[in-house]
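As structure tokens, the structure follows; a few thoughts come after it.
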Amino acid sequence: MKLKLFLFILLTPFLFSCNNSNNEENNEDENEDSLVNSTFNSVEFNSDSAYSYVQKQVDFGPRVPNTSSHKNCGNWLTSMLQKWCDTVYVQNFEITNYKKQLLNGKNIIGSINPNAKRRLLLCAHWDTRPQADQDSINPNKPSDGANDGGSGVGVLLEIARQLNIKKPETGIDIIFFDLEDGGSNNENEVEGTWCLGSQHWARNTHIPDYRALNGILLDMVGATNATFAHEGMSVKFDNNFLGIVWQAAASMGFGNYFINFTKDGITDDHVYVSVLAKVPTIDIIEYDPRTQTGFGKYWHTHKDNMSIIDKNTLLAVGKTVLYVSYNFLKLTNYN
Ligand code: AHN
Ligand code: ZN
């Protein structure tokens, strides 16, 4: 009895503060524009925080499968999602790559508002390619994978932290896919050798009959002056949603990053998420018009380290994806 009274007194100020915020929301509801505008302006994404999460991954060492760096980083990523998400699923699996090596894979899934029917999937790969084979020096050693692997995960960790501070109305699932980057460069055997983690997840979703309305994949989203083009497969999967995301970026002043140019489609995690798991997913991936491959000059070389990571790029991508997360139903008219 005494305890109940004590709790009541303790909780009274919170009850009042909840009422206050409800009233504020009701007032804003009277004017739809002001609600959209206030949500827009109140999107907080801390690029220092995102940068520190990229640095932390790099500090583990290259996250090459079957190494201690990979194992330690995977455990750290799980613990970070456990701080900010309502439910975390860890999907451990074994799979053989095209070199007949048995790899220990770990996909990490954090769900926010797990019971919400209408969901948005945000994803990035967290593994590092075992060898920097586009480099002329030490091509058999891995790079730090700061941008390729580290940047997408760093942005999504900061998004998870923000979504915990201010909850979205939609359900959000954040997935860190493993074993994306160990594929073959040989054109005759390339098919299916990349993206082993997302292939495994798409064939064995963490919840039976898992559904999300859309997905966004982040891949190499941290380099200085990066540009993000309309990637061909994304256009095929959901060009309307791609337009909404690019428009959101432009309206926040990030049109220099999110350019309106269509580039050739590539095999990346979004292909398996879209085709096998049936979640239409777009790929925000750096496009460099100056290279043959379209990837940055640092790609799969030892230049992929912290020196190429720029907080302004992390901010452009992070703020855009967070804004889309908060306003997903309104922007897409799925309402
Ligand atoms: C291909 O090279 C076919 N896909 C590359 C996807 C990737 C690798 N993203 C990062 N590293
Ligand atoms: Zn790669």
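Indexing begins at 1, ligand by ligand and atom by atom, following the structure's order.
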Looking only at protein heavy atoms, identify the closest one to [atom] and say how far it is in Å.
atom	answer
atom 8 (C) of ligand 1	Asp181 OD1, 3.2 Å
atom 10 (C) of ligand 1	Asp148 OD1, 3.1 Å
atom 7 (C) of ligand 1	Glu180 OE2, 3.0 Å

Look at atom 5 (C) of ligand 1 and find which of Thr293, Asp268, Thr267, Asp269 reaches it with the closest heavy atom.
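Among Thr293, Asp268, Thr267, Asp269, the closest heavy atom to atom 5 (C) of ligand 1 comes from Thr267.
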Answer yes if the side chains of Asn72 and Ser68 hold a donor-acceptor pair under 3.5 Å, and no otherwise.
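Asn72 vs Ser68: no donor-acceptor pair found between side chains.
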When you measure from the centre of the six-membered ring of Tyr51, is the NZ or CZ of Lys311 under 6.0 Å away and within 45° of the axis?
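Judged by the rule, Lys311 and Tyr51 form a cation-pi pair.
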Answer yes or no on whether Lys319 is positioned over the face of Phe254, meaning its NZ or CZ is under 6.0 Å from the six-membered ring centre and within 45° of the axis.
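Output no; distance or angle outside limits.
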Only one of Asn214, Asp173, Asn113 clears side-chain hydrogen bond (donor to acceptor under 3.5 Å, both in side chains) with Arg119; which?
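In the set Asn214, Asp173, Asn113, the residue that makes a side-chain hydrogen bond (donor to acceptor under 3.5 Å, both in side chains) with Arg119 is Asp173.
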Distance under 4.0 Å to a non-hydrogen atom of [X]: what atoms of ligand 1 satisfy this?
X	result
Asp219	7 (C), 9 (N), 10 (C)
Trp299	8 (C), 11 (N)
Met220	9 (N), 10 (C)

For ligand 1 and His125, I'd like to know whether there is a polar contact (N/O to N/O, distance under 3.5 Å).
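No; the residue has no nitrogen or oxygen that sits under 3.5 Å from a nitrogen or oxygen of the ligand.
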Would you check whether Trp194 has a nitrogen or oxygen atom less than 3.5 angstrom from a nitrogen or oxygen atom of ligand 1?
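There is no such contact.
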Close side-chain approach of Phe228 and Val317, heavy atoms under 4.5 Å:
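They are in contact (side-chain heavy atoms under 4.5 Å apart), so the answer is yes.
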Does any part of the side chain of Leu163, heavy atoms only, come nearer than 4.5 Å to the side chain of Leu322, both counted from C-beta?
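The answer is yes, as the side chains (C-beta and beyond) meet within the 4.5 Å cut-off.
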Where the Zn ion (ligand 2) is the vertex, angle from His300 NE2 to Asp181 OD1 to 10°
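My answer is 90°, to the nearest 10°.
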Would you say Trp299 and Leu217 are hydrophobically clustered, going by side-chain heavy atoms of ILVMFWY under 4.5 Å?
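Hydrophobic grouping puts Trp299 apart from Leu217.
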Does Ile284 form a side chain to side chain contact (heavy atoms under 4.5 Å, CB included) with Glu231? I'd like the steps, not just the answer.
CA-CA 8 Å; Ile284 301 178; Glu231 180 271 337; over 6 Å; no
Could you check whether any heavy atom of Arg129 sits closer than 4.0 Å to an atom of ligand 1, since that is the contact criterion I want to use?
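So Arg129 does not count as touching ligand 1.
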Is there an N/O/S atom in Asp148 that lies less than 2.8 Å from the Zn ion (ligand 2)?
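Short answer: yes, at least one N, O or S atom is under the cut-off.
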